[in-house]
Participant: 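Dropping a structure here in structure tokens format, bear with me for questions.
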Amino acid sequence: MKRPRLGINVDHVATLRQARGTDYPDPVAAALLVLQAGAEQVTIHLREDRRHIQDRDLAVLRKVVTGHLNLEMAATDEMVGIASQYKPHTSTLVPEKRKELTTEGGLDVCQGQKKIKKVVEKLKNEGIRVSLFIDPDLEQVRCSQDVGADAIEIHTGCYAEALGRIEQKREFVRIAKAAREGQEIGLEVAAGHGLHYKNVAPLLALSEIVEYNIGHSIIARAIFVGIEKAVREMKDVLAGGK
Ligand code: PXP
């Protein structure tokens, strides 16, 4: 079975920088190191409130990242303008609430179908691949196809936070069904949020998931073992080696 791609969310490096208003640690430096350690993609979320990643980070990353750059963004005119300017390889549309600690749920594509379709069209016209971050829900998967997305990223937050085996199994089944449906209707399927070295392992049985975007657990581990080792350890897990 082919090993899924690993995208690393380096927002958490920027969060540490913004906590002190310093110019370090630099998420751009982190991005280069994670690519050197074998990650296939760098993921950043330019939030409307700029709480971690800044416009400067995107501008520099776009110049220096040779691997795939995935820009998570809200479906707003401002963000579509920024994406059109910098042209990341992928734009992943995510819902955004100002007060949330992190992205709390998937995008309601069915509810916002008309607006999201327009945003998807604009981005695709700029040559940007478009992915939609959605809950593991069959209706959301089908609506994602209806609005013309190239890919979906399944929100794994509920799976990651599940209390006990029964709840985790239930969430696993939801993810499995959504991933299968996505693949069957021609969408590329990614997954992410709240995944760490242990809880990602059972998901590897789902061959439909071809990409994982993981940030917090890897950057947290990097504090103790260094970023390159932290990335390589996750790559080993994704290879089924540990
Ligand atoms: N994918 C998306 C769409 C996200 O919003 C996030 C969190 O920023 C991630 C993946 C990575 O989540 P985590 O940092 O919990 O690994």
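Order of listing sets the numbers, starting from 1, for every ligand and every atom in it. Residues: numbered from 1 along the sequence shown.
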Participant: Go through the side-chain N and O atoms of N70 and T43 and say whether any donor and acceptor fall under 3.5 Å apart.
Facilitator: yes

Participant: With the side chain counted from C-beta on, respond yes when L71 and T92 share a heavy-atom pair under 4.5 Å apart, and no when they do not.
Facilitator: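 Counting from C-beta outward, L71 and T92 never come under 4.5 Å.
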
Participant: Looking only at side chains, do R17 and T22 share a donor and an acceptor under 3.5 Å apart?
Facilitator: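 Side chains of R17 and T22: no pair found under 3.5 Å.
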
Participant: For E153, is the nearest heavy atom under 4.0 Å from an atom of ligand 1?
Facilitator: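 Yes, that is the case, since the closest heavy atom of the residue is under 4.0 Å from the ligand.
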
Participant: Show which atoms of ligand 1 fall inside a sub-4.0 Å distance from at least one heavy-atom site of H216.
Facilitator: 13 (P), 14 (O), 16 (O)

Participant: Under a heavy-atom criterion of less than 4.0 Å, does G194 contact ligand 1?
Facilitator: yes

Participant: Any N or O of V94 that comes nearer than 3.5 Å to an N or O of ligand 1?
Facilitator: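 No, there is no polar N/O contact under 3.5 Å.
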
Participant: Applying a 4.0 Å heavy-atom criterion (strictly less than), which segment of H12 is in contact with ligand 1: side chain, backbone, both, or neither?
Facilitator: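 H12 to ligand 1: side-chain contact only, backbone stays beyond 4.0 Å.
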
Participant: Where's the contact between E72 and ligand 1, heavy-atom distance under 4.0 Å: side chain, backbone, both or neither?
Facilitator: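 The answer is the side chain of E72.
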
Participant: For a side chain to side chain contact (heavy atoms under 4.5 Å, CB included) with V10, tell me which candidate from T15, V42, I218 qualifies.
Facilitator: V42

Participant: Answer yes or no: does atom CG of D77 have more than 12 heavy-atom neighbours from other residues, nucleotides or ligands under 6.0 Å?
Facilitator: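 Incorrect, the count does not exceed 12.
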
Participant: For atom 8 (O) of ligand 1, state which one of I219, N213, N9 supplies the nearest heavy atom.
Facilitator: N9

Participant: So for I214, does at least one of its heavy atoms come nearer than 4.0 angstrom to any atom of ligand 1?
Facilitator: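 Heavy atoms of I214 do come under 4.0 Å of ligand 1.
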
Participant: Quick check: are there more than 12 heavy atoms from other residues, nucleotides or ligands sitting under 6.0 Å from NZ of K169?
Facilitator: no

